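Worksheet: the structure to be examined is printed underneath.
All values reported here derive from a predicted model rather than from experimental measurement. Numbering of residues begins at 1 and proceeds along the displayed sequence.
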Amino acid sequence: MTHQPDPLSDAHVAQSLHLFRSQPPLVHCMTNDVVQTFTANVLLALQASPAMVIDAEEAAQFSAIADALLINVGTLTHERRDAMHTAVTAAVAANTPWTLDPVAVGALRLRSDFCQQLLNAAPAAIRGNASEILALAQHEQGGRGVDSLHQAEAALTAARQLAQKYHSIVAVTGEVDYVTDGARTLRVTGGSALMTRVVGTGCALSAVVAAFTSLPGDRLVNVASACRVMALAGEQATQRASGPGSFVPAFLDALWTLEPEAER
């Protein structure tokens, strides 16, 4: 019998964020060209250290010394695929946790085949929208590019299956986020519709998830806390912003000043 998702407590979020800030991780981001600057700024606002190393030889070297590795296939090429594969292999050998963001998987063959191959390297975490998670679990064909055609709840079974099979934490994100290790599932609420009106919040979330996988303790709680941190920042930024243009700086400011224990 599968248990219903439990809400994530503010105390757990505060604890994870405090731990994160007390030992800020170095995050190796092999991410897509569209979001590199925004992703780096999000990590910097949280006091982490981002690095975008993409050459195959250097990526292998760097993933072995980083605290976490992000693989985001948003602007995948054959050359970048080979570099990512090399980086993941080195990360696994060095016991560096790595996170997969299967952007638009299921819709396009190169990335779909590559992500299926990468799953065998047991990512510490997988973060995607419902359509991406369904496609990754080979339940559905996938969404329309980065847009999900499903609500997060529709991918819960697929997420649990992926988590169990590959010993990963799977985060299905949407209006409500669900984070599972296959046995336990946490529900994360919050966020803002404005987060879908600017480029890169989902990809940046995957980088934050990757960063939080490096923390000691309960990885399920830490990944769910990463989702809640981003949602809280989105809520606070929306209160200050008048639209997408003013949302981005307000969002970065909210990440910088965030104190989850003060919420609710």
Side-chain angles (χ1 to χ4, degrees), residues 16 20 25-46 48-54 59 63 66-76 80 84 87-88 91 96-106 111 114-115 118-119 121-133 135-136 143 145-148 152 155 159 162-163 166 168-174 177-180 188 191 195-196 198-215 219-220 222-231 233-234 251 255:
S16 290
F20 185 94
L26 172 61
V27 188
H28 181 188
C29 299
M30 301 187 76
T31 191
N32 73 72
D33 295 333
V34 181
V35 303
Q36 286 195 26
T37 299
F38 182 69
T39 297
N41 283 337
V42 164
L43 289 171
L44 287 167
L46 285 169
S49 298
M52 278 63 178
V53 180
I54 59 173
S63 64
D67 294 308
L69 168 67
L70 168 66
I71 298 293
N72 174 310
V73 299
T75 52
L76 191 66
R80 188 164 292 185
M84 288 177 170
V88 167
T96 302
W98 72 277
T99 292
L100 175 64
D101 185 341
V103 179
V105 72
R111 69 191 58 209
F114 181 51
C115 286
L118 283 183
L119 286 175
I126 302 167
R127 200 293 308 172
N129 64 39
S131 292
E132 290 163 347
I133 296 302
L136 197 62
V146 298
D147 296 331
S148 180
L162 283 171
Y166 297 105
S168 300
I169 305 298
V170 180
V172 191
T173 55
D177 301 337
Y178 295 95
V179 184
T180 184
V188 182
M195 296 177 76
T196 67
V198 298
V199 171
T201 52
C203 294
L205 170 57
S206 294
V208 175
V209 164
F212 273 71
T213 64
S214 70
L215 301 180
R219 183 167 283 167
L220 176 71
N222 289 334
V223 170
S225 295
C227 294
R228 181 60 179 152
V229 161
M230 292 287 277
F251 181 70
L255 289 171

Check: Taking side chain as C-beta onward, heavy atoms only, is Leu205 less than 4.5 Å from Thr201?
Finding: no
Check: With no hydrogens and no angle check, do the side chains of Thr99 and Arg127 hold a donor and an acceptor under 3.5 Å apart?
Finding: no
Item checked: Nearest atoms (heavy-atom pairs only) where Ala68 meets Ala210 -> CB-O, 3.1 Å
Next item on the list: Locate the shortest heavy-atom distance separating Ala135 from Val105; write the atom from each residue and the value.
Entry: CB-O, 3.5 Å
Notebook entry, point to check: Could you state the interatomic distance from CG (Asn222) to OG (Ser16), rounded to the nearest 0.5 Å?
Noted result: 4.0 Å
Next item on the list: Heavy atoms only: give me the nearest Leu76-Phe114 pair and the separation to one decimal.
Entry: CD2-CD2, 4.0 Å
Item checked: Side-chain heavy-atom pair Val208, Leu46 within 4.5 angstrom cut-off -> yes
Note to self: If only side-chain N and O atoms count, and only distance matters, is there a donor-acceptor pair under 3.5 Å linking Ser214 with Asp67?
What the structure shows: no
Check: Atom CD1 in Ile126, atom OG in Ser206: separation rounded to 0.5 Å?
Finding: 11.0 Å
Check: What are the two closest heavy atoms between Pro50 and Leu43, and how far apart are they?
Finding: CB-CD1, 3.7 Å
Note to self: Rounded to the nearest 0.5 Å, what separates atom SG in Cys203 from atom CG in Asp101?
What the structure shows: 5.0 Å
Next item on the list: Report yes if some heavy atom in the side chain of Arg219 is under 4.5 Å from a heavy atom in the side chain of Pro97; otherwise report no.
Entry: yes
Item checked: Any residue meeting side chain to side chain contact (heavy atoms under 4.5 Å, CB included) with Ala45, in chain and number order, not counting sequence neighbours -> Leu252, Leu255
Item checked: Smallest separation among heavy atoms of Phe251 and Met195, with atom names -> CE1-CE, 4.1 Å
Margin query: Quick check: do Met52 and Thr39 have side-chain heavy atoms less than 4.5 Å from each other?
Written below: yes
Check: Which value, rounded to the nearest 0.5 Å, describes the distance between Ser131 atom OG and Leu136 atom CG?
Finding: 12.0 Å
Check: When rounded to the nearest 0.5 angstrom, what distance separates CG in Leu118 from OH in Tyr166?
Finding: 11.0 Å
Notebook entry, point to check: Is Leu162 close to Leu119 at the side-chain level, that is, under 4.5 Å between some pair of heavy atoms?
Noted result: yes
Notebook entry, point to check: What pairs of residues pass the salt bridge (charged side-chain N to carboxylate O under 4.0 Å, His left out) test when at least one of them lies in residues 25-37, not counting sequence neighbours?
Noted result: Asp33-Arg80
Item checked: Heavy-atom pair with the smallest gap, counting every atom of Ala122 and Trp98 -> O-NE1, 3.8 Å
Check: With no hydrogens and no angle check, is any side-chain donor or acceptor of Arg111 less than 3.5 Å from a backbone partner on Pro102?
Finding: no
Notebook entry, point to check: So do Met30 and Val88 actually touch side chain to side chain, heavy atoms under 4.5 Å?
Noted result: no
Note to self: Among residues at least two apart in sequence or on other chains, which ones pass side chain to side chain contact (heavy atoms under 4.5 Å, CB included) with Ala159?
What the structure shows: Ile133, Val170, Val172, Thr180
